[in-house]
Amino acid sequence: MSRWTRWQFVVPRLLMCVVGIMAVHFVLGVAARIAATKSASDLVGASVDIDHARVSLTDGRVLLGGLSVSDPLAPGEPWLTADGCEIEIAAAPLLEKRTVINRARLIGVRFHDSRSATGLPFSSHFANDDANTKAAHQLATIGQPLDATVINKLESVGRTSQLCERWPAQLAALATRAAELDRQAKELEQAIAAANANPLRYDDSPSDVPSTVTSLQREFDRLNAELERLPQQLERQRRAIVAARRKDEAILREHIKTAAIDQDLINAYLLRDEASKVVNDAVTYLRYMQQVFPAKATARRSERRGEDILFSGVHPRPAIVIRNLEVQGETNASGQNVAFRGLLKNLTTSPALHDVPIQLKLSSVGSTPMEVRATIDRTRGQVRDELFVDCRDMRLVERTLGPAEPLQLKLSPCAGSLSVSLSVTKDKLSGDIQFVQKDVKITPAVTGKLSDSALSKSLTENLGEVNSLATRVSLGGTLDQPSCTLWSNLGPAVAEAMDLAAEDLADAQAHDALAEARRQVDERLASLERQIADHQSKLAAKLGNMPQRIDRIAHHQTRRERISVEQAGRRLPNNSLFR
Amino acid sequence: MLSALLAPVRRAVHALVGSHSPAELAAGFTLGMMIGFMPKTNLIALSLCVLIFSLRCNKGIALASAVLFTCLAPWTDPFAHKLGLAALRMPSLQANYASVFSLPLGPWFGFHNTVVAGSLLMGLYLAYPVFWLSKTACNVVHRGFAR
């Protein structure tokens, strides 16, 4: 009887074989976990944790479970987790100390975006970096109250002021002339009275009385005529002031007119922060790709002793290559979970040594069409990265645009689409990021000085007609200093609405200012009219008896004639010695 | 008292060298030296380990020697690197190197590494002097034990 038929011989050996296989299985699992952790860290350029690994010798597969990749830019924070990874390793390349994975499948992938924008290592440069200050300054000019002194600059008010300054002097001159006339008449009357009281002194009486009387009469006539013309003069100047009012409106318009709102400035003011996040994220990942996959194969050195010599005739090849990596998982896009699947081809630790570029293609599964394509090309010494993202029919949550003060826009939940097309050649960055929102309702929130004005109402009315928004960010410059140009139809819409609102405000202010100017002019003209009437009546009263006085002077003056000696003798008393 | 303190050492040395000839001890020491100088993650080091366990030599001495010379390796690495570089850069041998390197398992031997090649050459060069010296020393120790 053979010993192989005895259980005492077979069972212990069988048990030993089982234990040996289990031990090999365990050791291989541990070794595979260590090797996979190191290889994965080299591949993604970040620390990788693997919970467990199992090697299946029957079908040559390695199964990894519980993968966690930390964020390369925020070490310690998980960036990507996966439930498991199934790997099929090609055996022949292992003899050449190369790991070639023909097919791998990463399942249950979840992205954890724990990174904050402030933690990013750089900031993109926009054309209008001081847009907030400039826009706030420009918006502040819209609601500014009208300067009170501007009314004094109006032509009607100016003419009225001149009139009010001129008329008192003119009236005073008339009063002076009237007083002078009165004084001259009085002097003449006194002289004539004195001459009449002593006829013997006849020779001493004024000799130029007739000419004086004539000049008095003329002066009185002129004065009287001027006094009578005063109302007509005032009326003529009032008509000139009324005509000047027509120019007042033009002057006011010129003064109130504000510069047209800069559309680009409004775009930058409202959208720059939002755009910066997207741009910074995209550029950060592009930079990360260049760090992980350097242009030269020697860029990442291991800590091995010595130096590996490449013999002439031997072509260097990458140590690890994953030809096809299928990816399945889900991610959060705009607040909603999106399942995706995709394929990562030719992933390697040394893309510069590989003949074909690394290519990634991800597409969503479900109602939200989304596609991500990336190419990392380091073949033949070139450095060319491309990133395309096309995401349509995204359901966007309510958002706000712009700083809280003085103007902020609230966007209602809507459908949106995102399109990213970026490329990097060496370190030169170029491409566009486009974002379109449909069926969106825009509600402006105006705060500060502008809140009381009609601006808010006008903006609401005008922006109510906008139901689609398109934004495009054009990128240029380098990866270290990207420059961005922002375009959107939101800027022109808001600028137009604000221009209309500013025009309405200017109309109201001009109307108020004109009414105030009219009131002031009317008041001052009425006052002047009263003043002239008073003066006119006073002068008329003063000069009322002047014609009679002049006549009287003239009459007395005619009796003054030289008498002969005979006449004088006859006038002497009868008993006079000289008669 | 000193005798009591040295007793464990004596027993350990006896256990290591007592049952082997000086030549076996010297061979173990020499192979251990070669392994010690060399980086361990290659098939040359593994082959030397297999050689130790295949030949009639003292495994304990070989292991102790490997640990000892591993500790000394950081000081010898610069020289080994230069030596290996000179050997691997020889133009006349490039084709031979390339053909060996292209063989299956060729890269696993790691001879394209300057320190591996240099330390192997250095170990081979020192092998006989170390063997002779260690054998002489073992003879002295053996005579001491015999007394």
Side-chain angles (χ1 to χ4, degrees), chain A residues 20 24 27-28 30-43 55 57 60 62 89-102 296-322 348-350 352-355, chain B residues 34-47 66 69-123:
Chain A
V24 167
V27 170
L28 280 176
V30 171
R33 179 171 165 270
I34 293 169
T37 303
K38 185 179 179 306
S39 302
S41 298
D42 287 347
L43 277 171
V55 179
L57 294 172
V62 177
I89 301 175
L94 287 175
L95 296 175
E96 299 170 2
K97 208 178 179 181
R98 292 173 57 231
T99 307
V100 177
I101 297 168
N102 288 328
K296 292 181 180 176
T298 54
R300 272 190 297 164
R301 290 285 307 155
S302 64
E303 294 177 356
R304 292 178 60 189
R305 294 157 63 185
E307 182 185 339
D308 290 345
I309 300 296
L310 185 67
F311 304 120
S312 59
V314 175
H315 295 290
R317 285 187 284 188
I320 302 171
V321 177
I322 301 177
T348 172
T349 49
S350 307
L353 302 179
H354 207 39
D355 299 333
Chain B
M34 291 175 74
I35 293 172
F37 279 141
M38 193 177 290
K40 312 296 182 292
T41 55
N42 55 72
L43 280 185
I44 294 176
L46 191 66
S47 303
F69 284 100
T70 299
C71 296
L72 297 176
W75 282 280
T76 60
D77 272 359
F79 175 73
H81 169 70
K82 286 178 184 172
L83 186 64
L85 198 63
L88 294 173
R89 287 263 170 91
M90 289 175 72
S92 59
L93 293 174
Q94 289 298 304
N96 298 321
Y97 289 146
S99 60
V100 173
F101 187 78
S102 302
L103 288 173
L105 294 177
W108 287 102
F109 281 94
F111 72 95
H112 61 295
N113 183 276
T114 52
V115 173
V116 172
S119 59
L120 178 64
L121 290 174
M122 196 170 66

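Basis for what follows: all heavy atoms, side chains included, without hydrogens, waters or symmetry-related copies. Protein chains get the first letters and strands the later ones, always in sequence-line order, with residue 1 at the start of each.
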Can you pull out the donor-acceptor contacts between chain A and chain B, under 3.5 Å, including backbone atoms?
{"residue": "A:L94", "atom": "O", "partner": "B:W108", "partner atom": "NE1", "Å": "2.5"}
{"residue": "A:L95", "atom": "O", "partner": "B:L105", "partner atom": "N", "Å": "2.8"}
{"residue": "A:R305", "atom": "O", "partner": "B:N113", "partner atom": "ND2", "Å": "2.9"}
{"residue": "A:R305", "atom": "NE", "partner": "B:D77", "partner atom": "OD2", "Å": "2.6"}
{"residue": "A:R305", "atom": "NH2", "partner": "B:F37", "partner atom": "O", "Å": "3.1"}
{"residue": "A:R305", "atom": "NH2", "partner": "B:D77", "partner atom": "OD1", "Å": "2.8"}
{"residue": "A:R305", "atom": "NH2", "partner": "B:D77", "partner atom": "OD2", "Å": "3.2"}
{"residue": "A:E307", "atom": "N", "partner": "B:T114", "partner atom": "OG1", "Å": "2.9"}
{"residue": "A:E307", "atom": "O", "partner": "B:T114", "partner atom": "N", "Å": "2.9"}
{"residue": "A:E307", "atom": "O", "partner": "B:T114", "partner atom": "OG1", "Å": "3.4"}
{"residue": "A:D308", "atom": "OD1", "partner": "B:N113", "partner atom": "ND2", "Å": "2.9"}
{"residue": "A:I309", "atom": "N", "partner": "B:H112", "partner atom": "O", "Å": "2.9"}
{"residue": "A:S312", "atom": "N", "partner": "B:Q94", "partner atom": "OE1", "Å": "3.4"}

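There is no contact between B:L93 and chain A, counting heavy-atom distances below 4.5 Å. With a 4.5 angstrom heavy-atom cutoff, B:M90 does not touch chain A via any of its atoms.
Looking at A:V100 and A:I89, their side chains never come closer than 4.5 Å, going by heavy atoms from C-beta outward. Side chains of A:V30 and A:R33 form no contact here, defined as non-hydrogen atoms less than 4.5 Å apart. For the pair A:T348 and A:L353, the minimum side-chain heavy-atom distance is 4.5 Å or more.
Between the CD1 atom of B:I35 and the CG atom of B:L120 there is a distance of 11.5 Å, given to the nearest 0.5 Å.
Shown here for B:L43 and B:F109, the closest heavy-atom pair between the two residues is CB-CD2, 3.6 Å. Closest non-hydrogen pair, B:G118 versus B:L83, comes out as O-CD2, 3.5 Å. The two atoms that bring B:V115 and B:A80 nearest to each other are O-CB, 4.1 Å, heavy atoms only.
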